[in-house]
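Remarks on the structure that follows.
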Amino acid sequence: DAGVIQSPRHEVTEMGQEVTLRCKPISGHNSLFWYRQTMMRGLELLIYFNNNVPIDDSGMPEDRFSAKMPNASFSTLKIQPSEPRDSAVYFCASGRLATSTDTQYFGPGTRLTVL
Amino acid sequence: GESVGLHLPTLSVQEGDNSIINCAYSNSASDYFIWYKQESGKGPQFIIDIRSNMDKRQGQRVTVLLNKTVKHLSLQIAATQPGDSAVYFCAEKRNSGGYQKVTFGTGTKLQVIP
């Protein structure tokens with residue numbers, strides 16, 4: 001099993017540019033999560049999909065952030081326009097949360113730096 | 001100016017000693033708890049879990065204890081090794097609005113002294 005795959009692993013961009021982060025969940029998992037991790041706020045849940053449908057996006061900071069899951073094997077998190085305060089490590093995680101006793105498996109993360 | 005970051009609690013342990021990492025969770029309705037380990041530059045990795053109808057569960061070198069009365073969770077690592085150095089997160093899961101909501105704690109940094 002390849003685990004959760006994220007790309008790119010590192011992204012450096014300038015303020016105002018569009019950034020797209022990509023995630024391939026573990027095959028067979030029906031839930032997908034996007035998290036952001038910073039020194040200031042720790043690990044924050046941004047959005048959660050179940051069976052490709054966004055369930056809870058209350059953690060999405062503002063309209064500049066959007067996430068899609070067009071199929072069970074792919075999701076994107078887009079920031080447009082990006083700002084320096086968006087600099088963080090963004091993690092994607094997947095799981096089978098139909099039952100309560102299953103956990104999330106995290107990808108390696110994308111380290112985003114907005115200059 | 002400089003931003004003030006989270007001050008993670010840090011536990012320093014001598015190699016070979018046992019480590020105990022504590023976590024207070026917030027919601028009495030949480031029915032499932034997980035411990036994650038995050039090494040530098042990596043994503044959190046599952047270590048061990050426990051259901052709310054249990055008070056103890058053991059894995060390889062790790063034990064999780066759950067005290068629902070005081071909403072407290074602990075992770076015990078036996079014979080701590082340098083490879084155990086990482087940030088450890090507890091997470092609680094509960095049913096919210098018809099789906100499983102997971103909330104992570106702020107983490108504890110474990111430093112193993114060789």
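Values below: all heavy atoms of this structure, side chains included; hydrogens, waters and symmetry mates excluded.
Only the side chain of Q37(A) comes within less than 4.5 Å of a heavy atom of chain B; its backbone N, CA, C and O stay farther away. In this structure, the portion of R9(A) lying under 4.5 Å from any heavy atom of chain B is its side chain and not its backbone.
Environment of NZ in K42(B): sparse, with no more than 12 heavy atoms of neighbouring residues, nucleotides or ligands closer than 6.0 Å. Atom CD of Q14(B) sits in a crowded spot, with more than 12 heavy atoms from other residues, nucleotides or ligands closer than 6.0 Å.
Among residues 55-75 of chain A, the residues having any heavy atom closer than 4.5 Å to a heavy atom of chain B are, in sequence order, I55(A), D56(A). Scanning residues 79-93 of chain A against chain B with a 4.5 Å non-hydrogen threshold yields F91(A), sorted by number.
In the hydrophobic clustering of ILVMFWY residues, with side-chain heavy atoms under 4.5 Å counting as a link, Y25(B) and I50(B) come out together. M54(B) is connected to L73(B) through a chain of hydrophobic side-chain contacts under 4.5 Å among Ile, Leu, Val, Met, Phe, Trp and Tyr, so both are in one cluster. F33(B) and V102(B) are not part of a single hydrophobic cluster, where members link through side-chain heavy atoms under 4.5 Å apart. Hydrophobic clustering places M15(A) together with V19(A) (ILVMFWY residues linked when any side-chain heavy atoms are closer than 4.5 Å, directly or through intermediates). In the hydrophobic clustering of ILVMFWY residues, with side-chain heavy atoms under 4.5 Å counting as a link, L21(A) and L32(A) come out together.
Interatomic distance, E44(A) CD to T103(B) OG1, rounded to the nearest 0.5 Å: 12.5 Å. Residue F106(A) holds its CZ atom at 8.0 Å from CD of Q38(B), rounded to the nearest 0.5 Å.
Relative orientation of the Y105(A) and F46(B) rings is tilted, given thresholds of 30° and 60° on the angle between their planes.
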